[in-house]
Amino acid sequence: GDSVTQMEGPVTLSEEAFLTINCTYTATGYPSLFWYVQYPGEGLQLLLKATKADDKGSNKGFEATYRKETTSFHLEKGSVQVSDSAVYFCALDQTGANNLFFGTGTRLTVIP
Amino acid sequence: NAGVMQNPRHLVRRRGQEARLRCSPMKGHSHVYWYRQLPEEGLKFMVYLQKENIIDESGMPKERFSAEFPKEGPSILRIQQVVRGDSAAYFCASSPMGLEGDEQFFGPGTRLTVL
């Protein structure tokens, strides 16, 4: 069945450090891939998405590339800020279904 | 354009009571999804509804849980005879078309605590 494996947290970085959160997936067919962010006490917000192989999603300085050959969708940001502290979820939409399958989330804390 | 609204934000119930969680989708959205997030875990899909129809309930527990999305009014997730293991955050999301790859817009969630 479909699955999403995310880098385990928590991750603590200093401000302006480089961020990578790994995400790999297994899926039948060609799912769309997503990164959602959850700030404390809030619901999830879509950060970026990619719908086909080699697509790059980007938003707010974050980016991720849909790599079919390595079944990965790693999230990167060149210089993190304190305001980026949140939980990040990698997700895919299961082929033929209308629901999202989430990874377990990675908690990021950025310290000044 | 208001986002997805959920209420209540926090709900406390004793074991054996009923919990009713409400979700109003974004304006113009007719597709609603419910997810459950257990502590320190990712979200797990529960059910997908369109107006007056349950499309996919493959993630719903077979007993005590039910969901509806009537023609008028919000979608309701109902948990009967709650147990401590039901304590979680329940998130509702909506989308306009229900197509693969569509963005789902999430509400702020209802945090259910069962004493």
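Model, not experiment: these values are computed from the prediction.
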Quiz item: Should B:W34 and B:M26 be regarded as members of a common hydrophobic cluster, given that ILVMFWY residues are connected when their side-chain heavy atoms come within less than 4.5 Å of each other, either directly or indirectly?
Solution: no
Quiz item: Is a donor on one side and an acceptor on the other found under 3.5 Å between the side chain of B:Y35 and the backbone of A:L100?
Solution: yes
Quiz item: At a heavy-atom separation under 4.5 Å, does B:Q37 approach chain A through its side chain, its backbone, both, or neither?
Solution: side chain
Exercise. Might you confirm whether atom CD of B:Q81 has over 12 heavy atoms from other residues, nucleotides or ligands at distances under 6.0 Å?
Key: no
Quiz item: Which bit of B:F105 comes within less than 4.5 Å of chain A, counting heavy atoms only: side chain, backbone, both or neither?
Solution: neither
Self-check item: Other residues, nucleotides, ligands: >12 heavy atoms within 6.0 Å of A:E8 CD
Solution: no
Quiz item: Is B:V114 reachable from B:Y90 through a run of I, L, V, M, F, W or Y residues, each pair having side-chain heavy atoms under 4.5 Å apart?
Solution: yes
Quiz prompt | Choice from A:Q45, A:Q38, A:Q6, A:R107 maximising heavy atom contacts with chain B below 4.5 Å | solution = A:Q38
Quiz prompt | Among B:I55, B:L43, B:V47, residue most engaged with chain A (heavy-atom pairs, under 4.5 Å) | solution = B:L43
Quiz item: Just how far is it from atom CG of A:N99 to atom CE of B:M46, taken to the nearest 0.5 Å?
Solution: 12.5 Å
Quiz prompt | Single-linkage hydrophobic cluster B:Y48~B:I76, side-chain heavy atoms < 4.5 angstrom | solution = no
Quiz item: For atom NZ of A:K52, is the number of surrounding heavy atoms from other residues, nucleotides or ligands below 6.0 Å larger than 12?
Solution: no
Quiz item: Just how far is it from atom CZ of B:F91 to atom OH of A:Y36, taken to the nearest 0.5 Å?
Solution: 12.5 Å
